[in-house]
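Structure, as structure tokens:
Side chains are part of it too, since the values below use all heavy atoms of this structure and drop only hydrogens, waters and symmetry mates.
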Amino acid sequence: MMVAIAYLGPPGTYSEATAIAYRETLEQQGYTTDLHPYPSIAKTLQALARGEVELAIAPVENSIEGSVPMTLDTLWQLDDLHIQQAYVLPISHGLLSHMKDLAAIKTVYSHPQALAQCQEWLEHHLSGVELIPTNSTAEAIQYLDRDRPIAAISSQRAASLYQIPVLAYPINDCPDNCTRFWAIARAGSSIRLNPLQSNNTHTSIAFSLPNIPGVLVKPLEIFARQGINLSRIESRPTKRSLGEYLFFVDIEADARQPDIQNTLAEIKKYTDVIKVLGTYRVVCQLH
């Protein structure tokens, strides 16, 4: 069976590195795979929802800069998508340029998350340069020119792929910088990254609440009463009205367990809409 995997492109992004890891996992199970780059996270997930691909890779959280709003917002908007697995990838950024030294650099391009993850290094070594955001770290390389004082923050793989010299590496402010990615399929997909599905450790849910005082307390009380640990909770605006929010919650439990199903059913009484985004395990790639 052919499995098409969508990721935030172009080739050379950290999303592609994660897609390659999943390709290897699938090919070990006998699948044939094909990687498809898309220009944005939203388009990556929309391609999956339309059936253009069987699997999509999307970054969801960075250890320095926090969540990736585009992934959360798009997952909420689209129906019938299901997280199959989480993958934690160490992130090490480099400064790529055709210029010979740092003093020649006047402009730096990269994804907003990468720029933020390197802000202290940039302030110390390239104070005053113009910082320009791009859709991905690999897209930033497309702006480089041999005769222009421009640099890009990207990966060593991207530097090798596009044959761009690396002026400095690593430049991220925290050595333990890492990003969590979700591998997402359509609900009911026959593809299984974890064929046995016997060791799922996390469940991600999202819900909206009526805009009344104290309404968030009820779901949190239910989780606490059942002894369920929340590894992440955050809010996102509904985009309907100021002061209305969605809540994204990661719980350390398998939603297939009867007690967890009962807990979610109880929480549903206090929500306007609740979505179980997926039950999965977390795979960590070591440095």
Side-chain angles (χ1 to χ4, degrees), residues 3-27 33-50 52-75 78 81-94 96 109-118 133-143 152-162 164 170 172 177-186 191 193 204 277-278 280 282-287:
V3 178
I5 305 174
Y7 69 92
L8 173 63
T13 62
Y14 298 100
S15 292
E16 187 208 27
T18 305
I20 289 171
Y22 280 118
R23 178 178 66 187
E24 293 171 355
T25 297
L26 289 167
E27 290 180 350
T33 60
D34 191 19
L35 302 186
H36 295 261
Y38 285 84
S40 70
I41 293 171
K43 290 184 182 300
T44 298
L45 294 173
Q46 290 162 1
L48 175 63
R50 290 194 300 266
E52 295 177 10
V53 296
E54 284 72 47
L55 198 69
I57 305 301
V60 64
E61 184 180 23
N62 177 260
S63 59
I64 299 174
E65 287 302 305
S67 67
V68 181
M70 182 60 70
T71 297
L72 299 178
D73 292 348
T74 307
L75 266 184
L78 298 173
L81 299 186
H82 187 83
I83 302 163
Q84 285 221 349
Q85 200 170 89
Y87 187 83
V88 179
L89 180 72
I91 304 294
S92 293
H93 296 302
L96 283 54
Y109 288 81
S110 197
H111 187 276
Q113 285 259 347
L115 293 172
Q117 291 162 27
C118 303
T134 59
N135 286 323
S136 71
T137 54
E139 181 189 278
I141 295 175
Q142 299 176 0
Y143 294 92
I153 295 175
S154 196
S155 66
Q156 283 190 310
R157 169 176 162 74
S160 176
L161 194 63
Y162 297 102
I164 307 295
N172 35 283
N177 186 24
C178 59
T179 295
R180 180 161 57 104
F181 292 83
W182 279 337
I184 304 167
R186 290 187 298 279
I191 300 167
L193 290 167
S204 292
L277 302 176
Y280 53 90
V282 180
V283 176
C284 296
Q285 177 181 320
L286 299 178
H287 287 274

Is the backbone N or O of [Y] less than 3.5 Å from a side-chain atom of [X], with the two atoms forming a donor-acceptor pair by type?
{"X": "T137", "Y": "I153", "result": "no"}
{"X": "Q84", "Y": "I191", "result": "yes"}
{"X": "T25", "Y": "A21", "result": "yes"}
{"X": "R186", "Y": "R50", "result": "no"}

Straight-line distance of [X] [atom1] to [Y] [atom2], nearest 0.5 Å:
{"X": "L8", "Y": "S40", "atom1": "CG", "atom2": "OG", "answer": "7.5 Å"}
{"X": "I41", "Y": "D73", "atom1": "CD1", "atom2": "CG", "answer": "10.5 Å"}
{"X": "Q113", "Y": "M70", "atom1": "CD", "atom2": "CE", "answer": "12.0 Å"}
{"X": "L35", "Y": "I5", "atom1": "CG", "atom2": "CD1", "answer": "5.5 Å"}
{"X": "C178", "Y": "Y87", "atom1": "SG", "atom2": "OH", "answer": "12.0 Å"}
{"X": "T18", "Y": "R180", "atom1": "OG1", "atom2": "CZ", "answer": "12.5 Å"}

Provide the closest heavy-atom pair for [X] versus [Y] in the form atom of the first, atom of the second, distance.
{"X": "Y109", "Y": "A140", "value": "O-CB, 3.5 Å"}
{"X": "V68", "Y": "P59", "value": "CB-O, 3.5 Å"}
{"X": "G9", "Y": "S136", "value": "O-OG, 2.8 Å"}
{"X": "F181", "Y": "I57", "value": "CD2-CG2, 4.0 Å"}
{"X": "S110", "Y": "L115", "value": "O-CD1, 3.7 Å"}
{"X": "N62", "Y": "I64", "value": "OD1-N, 2.8 Å"}

Could you walk me through whether E54 and L26 pass the side-chain contact (heavy atoms from CB on, under 4.5 Å) test, one step at a time? CA-CA 12 Å; E54 284 72 47; L26 289 167; over 6 Å; no
Close side-chain approach of [X] and [Y], heavy atoms under 4.5 Å:
{"X": "I91", "Y": "N172", "result": "no"}
{"X": "Y14", "Y": "T179", "result": "no"}
{"X": "L75", "Y": "W182", "result": "yes"}
{"X": "Q46", "Y": "K43", "result": "yes"}
{"X": "S92", "Y": "N177", "result": "no"}

Quick one about Y280 and S204 (side-chain donor to acceptor, distance below 3.5 Å, no hydrogens or angles considered), yes or no?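 Yes.
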Any luck finding a side-chain donor-acceptor pair between Y38 and E52 under 3.5 Å?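 Distance-only check passes for Y38 and E52.
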Would you sort out whether L55 and L48 count as a side-chain contact (heavy atoms from CB on, under 4.5 Å), showing the intermediate values? CA-CA 6 Å; L55 198 69; L48 175 63; 5.6 Å; no
